[in-house]
> 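Below is a structure I'd like to ask you about.
None of the values given here were measured: they were computed from a predicted structure.
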Amino acid sequence: MATPDTKTENRAQLRDLKRRQILDAAKRIFAEHGLEAATMREIAAAAGCTTGAIYPLFPAKEEIYAALLRESLENVEAAVLSSLAQARQDGEKLKAAAHAWFDYYAARPAEVSLGLYLFRSDSRPGLARQGLGRDIDRELNDRLRQSLDGFAACLRRLGQLSDSLTEIETASLFAHLLGLLTAHHTGRLKPLGQEAPALLDHHLDALIARLQWE
């Protein structure tokens, strides 16, 4: 006979499995229809469940989107922290962390689109700022900054930077990484005869040299 603890554990495992199925299905639906046009009914159908099974876990589709973003940021932070632990000098640490961040998203283009809100259903050209609600946006923005803390610590020590300069250099490196990822995933570097990892190394070497010189 199953004990109360076993029953509780089984329910928790079933809940986690159902949550995973919903998240995986939602990622496919968001990629196909965009956040705005995606419906809970479509997500439920893709997950093989009813909408009634989704609402106790995710009250709205924005909560599902946020969970996917949160998971992505947690995973990339873990990859960065692992790379930092394997390097010794701050310059080596910065390069290892930047490549770990790039490699994570280079292997997962859907997560790049997810993070940049590129899953859109309208026909408007270009990129547009989009959010999930004030509270969720604030939480995810804090999570993004936390995922970049490893970069910030290395940059601060390399250049003996103030808080404000550390923020600027961290944001600059983040923007460079996003630009490389975009060019990499769209194949725009091939006509130039360049590869993103080599360009990242070139940028990091120049950045480290500048910080140490200054």
Side-chain angles (χ1 to χ4, degrees), residues 14-80 98 100-149 151 170-189 196:
L14 182 60
R15 180 184 176 91
D16 288 344
L17 177 60
K18 190 177 299 181
R19 186 177 187 277
R20 182 74 263 159
Q21 290 173 335
I22 292 168
L23 289 174
D24 290 343
K27 185 183 291 187
R28 297 194 299 271
I29 295 299
F30 289 141
E32 183 177 353
H33 299 294
L35 172 60
E36 296 144 327
T39 67
M40 294 290 262
R41 188 179 299 277
E42 289 170 330
I43 293 171
C49 65
T50 65
T51 54
I54 295 181
Y55 284 116
L57 296 171
F58 301 103
K61 64 181 180 180
E62 288 79 10
E63 295 281 354
I64 303 176
Y65 202 97
L68 288 167
L69 273 175
R70 191 180 299 115
E71 183 177 76
S72 178
L73 290 169
E74 290 172 355
N75 289 339
V76 75
E77 182 183 6
V80 168
W101 196 97
F102 178 87
D103 290 346
Y104 178 88
Y105 285 119
R108 299 167 178 83
E111 292 190 30
V112 179
S113 297
L114 186 81
L116 294 178
Y117 298 93
L118 297 183
F119 292 158
R120 301 179 62 82
S121 60
D122 56 44
S123 58
R124 286 175 290 176
L127 304 179
R129 183 176 179 180
Q130 192 171 350
L132 301 171
R134 184 175 62 183
D135 292 340
I136 295 177
D137 287 345
R138 183 184 299 115
E139 180 214 339
L140 291 173
N141 287 338
D142 289 343
R143 199 72 190 76
L144 171 61
R145 283 189 287 269
Q146 183 178 334
S147 74
L148 299 174
D149 281 349
F151 296 151
T170 303
S172 178
L173 178 55
F174 173 64
H176 186 83
L177 284 165
L178 282 182
L180 275 180
L181 276 172
T182 302
H184 171 72
H185 284 308
T186 57
R188 302 317 299 162
L189 292 176

> Starting from the C-alpha separation in whole Å, work towards a yes-or-no answer on side-chain contact (heavy atoms from CB on, under 4.5 Å) for Tyr105 and Ser72.
CA-CA 9 Å; Tyr105 285 119; Ser72 178; 3.2 Å; yes
> Return yes when atom CZ of Arg41 has more than 12 non-hydrogen atoms of other residues, nucleotides or ligands closer than 6.0 Å, and no otherwise.
no
> Taking all heavy atoms of Ala25 and all of Ala47, pick out the closest pair and write down the distance.
CB-N, 3.5 Å
> Ignoring hydrogens and geometry, is there a side-chain-to-backbone donor-acceptor pair from Lys61 to Ala38 under 3.5 Å?
yes
> Quick check against the 3.5 Å criterion: does Tyr104 have a side-chain atom that pairs as donor or acceptor with the backbone of Glu77?
no
> If you measure from CH2 on Trp101 to OG on Ser147, what distance do you get to the nearest 0.5 Å?
7.5 Å
> Decide yes or no for Glu63 and Ile136: does some side-chain heavy atom of the first lie under 4.5 Å from some side-chain heavy atom of the second?
yes
> Is there side-chain contact between Leu181 and His185, with at least one heavy-atom pair below 4.5 Å?
yes
> When you check the gap from the basic side-chain N to the acidic O, do Arg145 and Asp142 get nearer than 4.0 Å?
yes
> Nearest 0.5 Å please: distance from the CD atom of Glu42 over to the CZ atom of Arg28.
12.5 Å
> Which distance, rounded to the nearest 0.5 Å, do you find between the CG of Leu148 and the CG of Leu73?
8.5 Å
> If you apply the rule side-chain contact (heavy atoms from CB on, under 4.5 Å), what do you find for Ile43 with Thr51, and how did you get there?
CA-CA 8 Å; Ile43 293 171; Thr51 54; over 6 Å; no
> Between Phe174 and Phe151, is the ring centroid distance below 6.0 Å?
no
> With rounding to the nearest 0.5 Å, note down the distance linking CZ in Arg143 to CD in Glu71.
11.5 Å
> By side chain to side chain contact (heavy atoms under 4.5 Å, CB included), which residues pair with Ala53, not counting sequence neighbours?
Lys18, Cys49, Thr50
> Do other residues, nucleotides or ligands put more than 12 heavy atoms under 6.0 Å from the CZ atom of Arg15?
no
> Please report the closest heavy-atom contact between Ile54 and Met40, naming both atoms and the distance.
CG2-CE, 3.5 Å
> Are Phe102 and His184 an aromatic pair, judged by ring center distance below 6.0 Å?
yes
> What distance do Arg19 atom CZ and Asp24 atom CG have between them, rounded to the nearest 0.5 Å?
10.5 Å
> Looking at every non-hydrogen atom in both residues, tell me the closest pair between Ala100 and Ala79 and how far apart they are.
CB-O, 3.7 Å
> I'd like to know whether Asp149 forms a side-chain contact (heavy atoms from CB on, under 4.5 Å) with Gln146, so could you lay out the CA-CA distance, the side-chain angles of the two residues, the decisive distance to 0.1 Å, and finally the verdict.
CA-CA 5 Å; Asp149 281 349; Gln146 183 178 334; 4.0 Å; yes
> Using 4.0 Å as the upper bound for N to carboxylate O, is an ion pair formed by Arg138 and Asp135?
yes
> What is the distance from atom CD of Glu139 to atom CG of Leu69, rounded to the nearest 0.5 Å?
10.0 Å
> Taking the side chain as everything from C-beta on, heavy atoms only, tell me whether His33 gets closer than 4.5 Å to Thr39.
no
